[in-house]
Protein chains: 2
Amino acid sequence: MPHARSTTKPASGAGEALCCGPLTEVSLSEVESEGLATVLAALGDPVRLRLLSIVAAQGEVCSCNLEGPLGKSQPTISHHTRLLADAGLIVGEKRGRWTWWRVVPERLLALRAALGGA
Amino acid sequence: MPHARSTTKPASGAGEALCCGPLTEVSLSEVESEGLATVLAALGDPVRLRLLSIVAAQGEVCSCNLEGPLGKSQPTISHHTRLLADAGLIVGEKRGRWTWWRVVPERLLALRAALGGA
DNA sequence: CTGATAGATTGATGACTGTCAATATGGCAA
DNA sequence: TTGCCATATTGACAGTCATCAATCTATCAG
């Protein structure tokens, strides 16, 4: 394995994604990385991040109050809420004609844990 | 604004992306969400997550030791290390013919902080 | 200098994603 | 029941992304 000036090649080391050890301490399996990547990808969009922060800040928000602040069409909002909900980051409750969204704090906690202590 | 059975519409409330308040406490601006989304998107891919976890687990890894475990071609590995480096999550140091990668713990810390305390 | 090797870059390609218009669904009001 | 309204779903389209083969660059060994 390569040290500063070696000649040989360096030696090689080695359920829901969120049930895995910290990223920085344990090498992720393919399955674990798939699940964790799904959740992180859900957060990897500026519109969804702002959507989530609005929901979090207000505790509970109905979809009709997201179109304005986010400046997106109704189907687009619905698309993003769906992705966040699929990732387990928010949940929606239907009350009458409206759907109320709120965050799932445990999910964010689990995500933070999965990102490791470092 | 809609309470359980109202008829009117609910009222609307109100250096790097990682320098923003916790997601769950402050509504993100468009600029903040862009930067934060970039970092999260970098992590939103299973190959990059495993790459990062391998680097983190070993402390320092040369690119040539990533192709095997990840099962991807050399250009693909280079592509992923570049994205992670652009996101500030890893840094590469060239020593001789090899490039050695290691994680940037502060960046992960900042990310955890940006995800909020909840 | 020459040949070999690690890694980056380029180009092409198929897959996925964000977006919106149009439409469907299901509750509420009159 | 009839019509309206909040969301969800569908379909289409443009832009982005992951991937690899081919190529380029730079370093080391002889």
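In what follows, chains are A, B, ... by sequence order, proteins preceding strands, each numbered from 1. Note that the structure is a prediction, hence the values are computed from the model and not measured.
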Inset, instruction - Please state how far atom CG in A/N65 lies from atom C1' in D/dA6, giving the value in whole angstrom units. - result: 12 Å

Legend entry - Atom-to-atom span, CZ of B/R95 to C1' of D/dC28 - whole angstrom: 16 Å

Inset, instruction - Find the distance B/I77:CD1 to C/dA8:C1' and express it as a whole number of Å. - result: 13 Å

Inset, instruction - Calculate the interatomic distance between B/L66 atom CG and D/dT19 atom C1'; express it in whole Å. - result: 17 Å

Inset, instruction - Using atom CZ of B/R82 as one end and atom C1' of D/dC20 as the other, report the distance to the nearest whole Å. - result: 17 Å

Inset, instruction - Figure out the CG/P separation between B/L70 and D/dA18, and round it to whole Å. - result: 14 Å

Legend entry - Minimum-distance nucleotide (side-chain atoms of B/R97 versus C/dA8, C/dT5, C/dA29): C/dT5

Inset, instruction - Using the salt bridge (charged side-chain N to carboxylate O under 4.0 Å, His left out) rule, collect all pairs that involve residues 51-65 of chain A, keeping only residues at least two apart or in two chains. - result: A/E60-A/R95

Legend entry - Step-by-step side-chain contact (heavy atoms from CB on, under 4.5 Å) determination, B/I54 to B/L70: CA-CA 9 Å; B/I54 291 173; B/L70 294 175; 4.1 Å; yes

Inset, instruction - Check every strand shown and say whether A/S78 touches a base, only sugar-phosphate, or nothing at a heavy-atom separation below 4.0 Å. - result: base

Legend entry - Gap between atoms CH2 and P, on A/W101 and D/dA6 respectively (whole Å): 16 Å

Legend entry - Close side-chain approach of B/R48 to B/L43, heavy-atom, < 4.5 Å: no

Legend entry - Contact state string [nucleotides 16-25 of chain C, B base, S sugar-phosphate only, - no protein heavy atom under 4.0 Å]: --SBBBB---

Legend entry - Side-chain donor-acceptor contact under 3.5 Å, A/W98 with A/S63: no

Legend entry - pair B/L40-B/L111: side-chain heavy atoms closer than 4.5 Å: yes

Legend entry - Nearest-Å distance for atom pair CG/P, residues B/L51 and C/dG7: 12 Å

Inset, instruction - Apply side chain to side chain donor-acceptor pair (under 3.5 Å) to B/T81 and B/S78, showing your working. - result: CA-CA 5 Å; B/T81 51; B/S78 183; 4.6 Å; no

